[in-house]
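Before any comments, here is the structure.
One is the number of the first residue; the rest follow in order along the sequence. Note: hydrogens, waters and symmetry copies are ignored here, and every other heavy atom, side chains too, is used.
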Amino acid sequence: MFDVHTHCHQPEHWGPEWKANWAPVYGQEEAHAFTPEEYDRAMKEGGVSVACVFGLRATAAGVATPNEYVEWFCDSTSTETIGFMALDPTDADVLEQLEDGVARGLRGIKLYPVLSLFDARDERFDEFYRAATAHRLVILWHMGATPSPSGSLLVSQPLVVDEVARRHPELTMVMAHMGHPWQREAMVVCRKNRRVFTDVSASWARPFDGYHALVRAQEWDVVDKLLFGSDFPIWTPAQAVAGLREIAAMRPPTLPYVLPSTIEWLLDGDPREALGLR
């Protein structure tokens, strides 16, 4: 199984953000800490053979996972991992950080506009997008909600990605979490743009929303644009699989339901060729 959404960042990468804004919501005083060995165990138990791995970067919030840490973490796992750098396009040296990540063998970029407080549509970031395209990097966007009062939901909606895709049609992008709670918009963006995908991570946390989102993917004929993501360590892959199966078991009378083939694609499909990550 391919997991497009796993994290490697540690408590020290959060700066003050976790304790100030996330701990009160999650009821967890410290951010998740884990070793590469614990990561491998979770991947194995969940049936994951290949996973994308990244940290977070949001300079405005004091959040930063260095490229060298992602490189070290990936080198330290027995799971086949594909490292992504965590960047913030508002950093003055972001292009240098991108080149450093490429030199370290990282294959994609995690962006976090909701905490970085940047509008992806701003044309001043076009040079950054062109560099990502030139290096055939995959951009994975955190898309949708945040528990942090300092975040901006205005810049965390799927329609902002549509404008980036319109100007940069060869750039491969993944919207995380199906853009929750804007999953309908995420499906429309995926249908319109050939190189835009979305992962299903966290959909099981709010199963009513998740049910509607997966059915909408079927109705908009974009199931092949859906990617499995566990959002480890918040959930393990095993918990993610169980959550998706629970959503698929929802069969409201007279309403459409999540087809077995949709779940089979998420759990057994291999989208790496389509993402350019072979």
Side-chain angles (χ1 to χ4, degrees), residues 3-35 38-39 42 46 52-65 69-70 84 86-88 90 110-120 140-161 174-186 198-214 228-244 246-247:
D3 190 336
V4 76
H5 196 131
T6 73
H7 298 275
C8 65
H9 53 276
Q10 300 297 309
E12 60 268 25
H13 299 150
W14 276 98
E17 175 66 20
W18 179 274
K19 286 190 176 181
N21 295 323
W22 295 59
V25 175
Y26 284 99
Q28 183 174 320
E29 185 64 21
E30 295 290 341
H32 300 83
F34 52 92
T35 66
E38 290 169 325
Y39 177 93
C52 296
V53 183
F54 40 80
L56 300 176
R57 184 175 292 271
T59 301
V63 178
T65 306
Y69 182 82
V70 179
F84 281 27
L87 300 181
D88 183 336
T90 68
K110 172 66 180 290
L111 296 179
Y112 215 77
V114 69
L115 285 184
S116 300
L117 306 179
F118 74 92
D119 188 334
L140 191 146
W141 303 84
H142 172 85
M143 196 55 51
T146 179
S148 177
S150 65
S152 173
L153 294 175
L154 186 66
V155 297
S156 194
Q157 302 186 30
L159 293 181
V160 304
V161 173
V174 178
M175 298 178 291
H177 315 304
M178 293 191 286
H180 65 177
W182 298 288
Q183 297 101 325
R184 179 179 60 181
E185 288 79 358
T198 188
D199 78 43
V200 302
S201 58
S203 58
W204 48 87
R206 294 167 183 82
F208 188 66
D209 265 0
Y211 157 78
H212 281 88
L214 294 178
F228 175 81
S230 65
D231 209 1
F232 179 87
I234 299 178
W235 293 277
T236 66
Q239 290 170 326
V241 170
L244 287 170
E246 288 175 7
I247 290 174

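Residues L115 and S148 are in side-chain contact: their nearest non-hydrogen atoms beyond the backbone lie under 4.5 Å apart. Here the side chains of V160 and F118 are not in contact, with every heavy-atom distance at 4.5 Å or above. Here the side chains of H7 and D231 are in contact, with some heavy-atom distance below 4.5 Å. Residues W141 and P113 form a side-chain contact, since some pair of their non-hydrogen atoms from C-beta on lies under 4.5 Å apart. Two residues are said to be in side-chain contact when any heavy atoms from C-beta on lie closer than 4.5 Å; E30 and K19 meet this criterion. When side chains are defined from C-beta on, W204 counts as touching I247, because their heavy atoms get closer than 4.5 Å. Residues Y112 and V63 have side chains not in contact (no heavy-atom distance under 4.5 Å, counting atoms from C-beta outward).
Shown here for A202 and W235, the closest heavy-atom pair between the two residues is CB-CZ3, 3.7 Å. Nearest heavy-atom pair, S116 versus A60, reported as atom, atom and distance to 0.1 Å: O-CB, 4.2 Å. Minimum interatomic distance between S201 and H177 (heavy atoms only, all atoms of both residues): OG-ND1, 2.8 Å. Residues A61 and P16 share a closest heavy-atom pair of O-CD, 4.0 Å. Looking at every heavy atom in both residues, G55 comes nearest to V70 through N-CG2, 4.3 Å. When every heavy atom of P11 is checked against every heavy atom of A31, the shortest pair comes out as CG-O, 3.4 Å.
The structure places CZ of R206 at 10.0 Å from CD of Q183, a figure rounded to the nearest 0.5 Å. The CG atom of D199 sits 8.5 Å away from atom CE of M178, with the distance rounded to the nearest 0.5 Å. Interatomic distance, M143 CE to H180 NE2, rounded to the nearest 0.5 Å: 10.5 Å. To the nearest 0.5 angstrom, H9 atom NE2 is 13.0 Å from R57 atom CZ. Separation of atoms NE2 (H142) and NZ (K110) is listed at 7.5 Å; rounding is to 0.5 Å. The OG1 atom of T6 sits 11.5 Å away from the CD1 atom of I234 when rounded to the nearest 0.5 Å.
Classification of the W22-Y26 ring pair by plane angle, with boundaries at 30° and 60°, yields parallel. Using cut-offs of 30° and 60° for the angle between ring planes, the W14 and W18 rings count as perpendicular.
Screening F54, F232, F228 against H5 for a ring-ring contact (aromatic ring centres under 6.0 Å, His included) leaves a single residue, F54.
Between the S152 side chain and the L117 main chain, no donor and acceptor come within less than 3.5 Å of each other. Using a distance-only test at 3.5 Å, with no hydrogens or angles considered, no donor-acceptor pair links the side chain of Q157 to the main chain of V155. Listed for the H212 side chain is no donor-acceptor partner under 3.5 Å among the backbone atoms of D209. Remark: the backbone N or O of L56 is paired with a side-chain donor or acceptor of T65 at under 3.5 angstrom.
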Would you please test Y39 and C8 for side-chain contact (heavy atoms from CB on, under 4.5 Å) and show each step? CA-CA 8 Å; Y39 177 93; C8 65; over 6 Å; no
Under the side-chain contact (heavy atoms from CB on, under 4.5 Å) criterion, do N21 and S150 qualify, and how do the steps go? CA-CA 8 Å; N21 295 323; S150 65; 3.6 Å; yes
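Taking the ring-ring contact (aromatic ring centres under 6.0 Å, His included) definition, one finds that Y211 meets it with nothing, sequence neighbours left out.
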